[in-house]
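Below, chain A is the first sequence line, B the second, and so on; all start at residue 1.
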There are 2 protein chains.
Amino acid sequence: MVTLAEVAQHAGVSASTVSYVLSGKRSISTTTRQRVEQSIRELGYHPNAGARALASSRSNIIALMIPLRTDIYVPVMMEIAIAVATTARTHGYDVLLLTGEEGSDAVRRVTGSGLADAMILMDVELDDERLPLLRSTDQPSVLIGLPADTSGLTCVDLDFGATGALCVEHLATLGHRDIAVIGEAPAVYERHTGFAERTLDGLRRRARELGLRLLHRPCEGGYDAMAVTLARILDERPGTTGFVVQNESAVEPLLALLRQQGRAVPEDVSVVAICPDQVAVQASVRLTSVAIPAQEMGRHAVERLVAKLEGHGGDEVVLIAPELTVRASTGPVPVAS
Amino acid sequence: MVTLAEVAQHAGVSASTVSYVLSGKRSISTTTRQRVEQSIRELGYHPNAGARALASSRSNIIALMIPLRTDIYVPVMMEIAIAVATTARTHGYDVLLLTGEEGSDAVRRVTGSGLADAMILMDVELDDERLPLLRSTDQPSVLIGLPADTSGLTCVDLDFGATGALCVEHLATLGHRDIAVIGEAPAVYERHTGFAERTLDGLRRRARELGLRLLHRPCEGGYDAMAVTLARILDERPGTTGFVVQNESAVEPLLALLRQQGRAVPEDVSVVAICPDQVAVQASVRLTSVAIPAQEMGRHAVERLVAKLEGHGGDEVVLIAPELTVRASTGPVPVAS
DNA sequence: ATAGGTTGTCGAAGCGCTTCGACAGCGAGT
DNA sequence: ACTCGCTGTCGAAGCGCTTCGACAACCTAT
């Protein structure tokens with residue numbers, strides 16, 4: 001293993017000079033810098049992470065806490081995680097993967113040991129148990145998702161309220177008056193996951209403002225659950241012509257069931273999905289949808305965090321504006337014959 | 001921040017004693033141990049990760065390199081990653097997330113800096129560019145997936161050859177003679193991903209042995225691609241009654257298209273999938289399938305790695321035996337009328 | 001009673017790096 | 001000619017921990 005001292009000796013300078021070449025914290029003459037850089041290359045030197053962390057009390061590691069659950073659409077999580085890792089690298093940070101399993105203990109452990117300089121939390125609940133800890137520690141953190149009380153916290157999320165409103169508006173514009181919302185699994189609402197509730201709020205508020213009727217039903221993924229849910233909806237509101245779906249694993253079942261019942265999409269009924277673009281274009285009908293900007297969320301989170309680590313940028317809630325893409329699953333409400 | 005020295009002072013012992021209490025590397029009297037543990041608790045002490053890594057040259061971190069691609073089924077990756085993280089924690093390790101983006105450079109960086117003690121690589125290609133490096137370094141590593149030449153490497157994977165054979169056998173037992181294989185996207189074969197080719201080998205060999213006709217067609221996910229692929233298959237081999245699918249995003253399209261053409265599953269044609277159980281049970285027909293044991297793979301990988309780190313256990317290829325679960329998508333070949 | 005072996009604890013060295021204060025050398029201002 | 005202020009470099013201290021050898025205290029076997 002090559003050390004700083006060896007590089008210094010090889011280049012004929014002192015260890016501190018090499019350190020300053022590496023960090024750029026003091027000015028170094030061009031000739032010296034080049035000589036040192038040459039030695040580094042020749043010897044294949046890599047600074048030792050532990051020593052660095054010890055001496056500088058900075059690990060250059062960001063901890064990312066991901067949920068263990070699988071009832072939320074996994075590819076979105078993965079895309080966020082990858083975006084976080086990629087963006088972090090461009091800022092010189094590595095990413096430590098923590099699972100939600102350990103909960104607050106993981107926060108304590110990481111903070112206490114100086115393993116990471118900062119952390120990003122995903123799958124934040126409205127009243128998350130980790131929040132008090134985050135507020136009390138001086139380690140920077142960013143949440144992906146919104147808790148009920150965001151004071152003293154930095155958060156990044158899609159504006160799910162606006163997303164709900166946007167879906168309703170689109171359907172309203174096309175003349176739909178009776179709208180059904182196929183939501184996430186009941187468990188998601190029971191644990192008060194912010195995004196699900198905020199979407200619902202947005203949907204309801206805008207529906208009220210526009211004078212539409214809205215029926216919300218949580219739904220597990222899969223065909224059987226969807227069949228039951230759809231039957232109930234059509235029983236209760238036979239005149240339903242617009243659907244908003246916020247549950248990726250219910251999308252395809254819904255389309256299949258509608259087809260099976262002889263309701264054509266988009267001629268008879270319209271469907272708007274809240275899902276990643278990939279799901280929208282791969283579905284059996286290309287879906288009009290509001291995309292979940294996973295990459296953007298991951299990127300934003302890291303950038304907020306890096307800003308905090310560098311001292312500028314305080315607490316702030318970043319809500320990403322939703323964008324609705326019209327595809328082949330929505331159309332004007334059919335003329336009553 | 002609380003240090004070892006402060007704990008030592010508080011407990012009235014020397015620093016080294018506290019260290020030995022923590023590591024258990026020397027025997028400590030019960031009374032002393034308890035006193036020290038008490039002090040640790042009272043002061044809320046957490047050992048500093050950097051200092052530890054520097055002094056012991058062990059970071060207690062495992063690096064996990066995941067692919068950036070999205071043409072391979074993402075939930076499987078995620079499940080493996082989570083299993084790795086969870087299992088690692090039970091052995092006292094944390095997980096550093098690397099993306100495939102950096103390739104060999106990441107391996108060099110992590111190895112050189114001592115950031116991690118060992119690494120796990122996913123999405124290994126048959127002739128992976130990172131292999132020479134892994135062979136030449138003395139840092140332990142485990143691959144999830146199999147390259148062409150496994151000498152000097154430790155690998156964990158599902159036995160895809162046996163998986164292919166199992167699928168063919170099952171269909172053969174039911175009387176099917178003409179089998180079509182819907183494979184992964186062409187790009188997956190072009191980059192020589194081991195698991196895809198090994199599955200194909202297994203399918204072909206067993207089909208030959210049993211005297212079945214086998215037609216393999218790669219296929220992108222989604223409805224449009226599947227429609228084209230299916231049309232070609234039925235054109236070329238109209239008598240096809242058995243399908244093997246190894247592409248999660250082609251499963252649902254295939255079922256829909258078969259239904260649409262009036263071919264009932266499993267009455268007219270049988271479908272065997274190679275996919276995670278969740279996909280198999282959530283499909284519109286509950287699928288007979290060979291599961292991809294993502295968790296088990298992640299767990300095994302960590303356990304091999306920990307064994308190597310502790311000195312026992314050398315290079316070895318662990319192939320997990322496939323298990324076929326019969327569900328509702330396969331049945332006896334229809335009697336010719 | 002004595003040699004030999006255990007057990008439990010301590011002190012000190014050192015892991016590889018960062019960072020602070022010191023200072024030599026040099027050009028500019030008076 | 002002398003001082004002032006740069007710029008570029010160095011030496012040394014120290015970050016918090018692990019680990020090795022030393023050794024006191026005790027126990028056991030002769």
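The residue A/Thr3 sits close only to the backbone: its heavy atoms come under 4.0 Å of sugar-phosphate atoms, none of a base. Counting non-hydrogen atoms under 4.0 angstrom, A/Ile28 reaches the backbone sugars and phosphates but no base. Contacts of A/Ser29 with the nucleic acid, taken as non-hydrogen atoms under 4.0 Å apart, involve only primed sugar atoms and P, OP1 or OP2.
Taking 3.5 Å as the limit, the base of D/dT18 and the side chain of B/Arg52 contain no donor-acceptor pair of atoms between them. The base of C/dT9 lies close enough to the side chain of B/Arg26 for a donor and an acceptor atom to sit less than 3.5 Å apart. Taking 3.5 Å as the limit, the base of C/dG11 and the side chain of B/Ser16 contain a donor-acceptor pair of atoms between them.
For the pair A/Tyr20 OH and D/dA12 C1', the interatomic distance rounds to 12 Å; values are reported in whole Å. Atom pair A/Arg33:CZ and D/dT9:C1' shows a separation of 13 Å (rounding to whole Å applied).
When the side-chain nitrogen and oxygen atoms of B/Tyr45 are compared with OP1 and OP2 of D/dC17, one or more of them lie within a distance under 4.0 Å. In terms of phosphate contacts, A/Ser27 brings no side-chain nitrogen or oxygen within less than 4.0 Å of OP1 or OP2 of D/dT7. For C/dG8, neither phosphate oxygen OP1 nor OP2 lies less than 4.0 angstrom from any side-chain nitrogen or oxygen of B/Thr32.
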Open item on the list: Using side-chain hydrogen bond (donor to acceptor under 3.5 Å, both in side chains), reason through A/Thr111 and A/Gln139 one step at a time and then give a plain yes or no.
Closed with: CA-CA 7 Å; A/Thr111 310; A/Gln139 187 175 54; 3.0 Å; yes

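Comparing B/Arg35 and B/Ala55 along DNA chain C, the residue whose closest nucleotide (by nearest heavy atom) sits nearer the 5' end is B/Arg35.
The side chain of B/Leu54 has C/dC15 as its nearest neighbour among D/dT18, C/dT9, C/dC15.
By the 4.5 Å heavy-atom criterion applied to side chains, B/Ile320 and B/Asp157 are not counted as neighbours.
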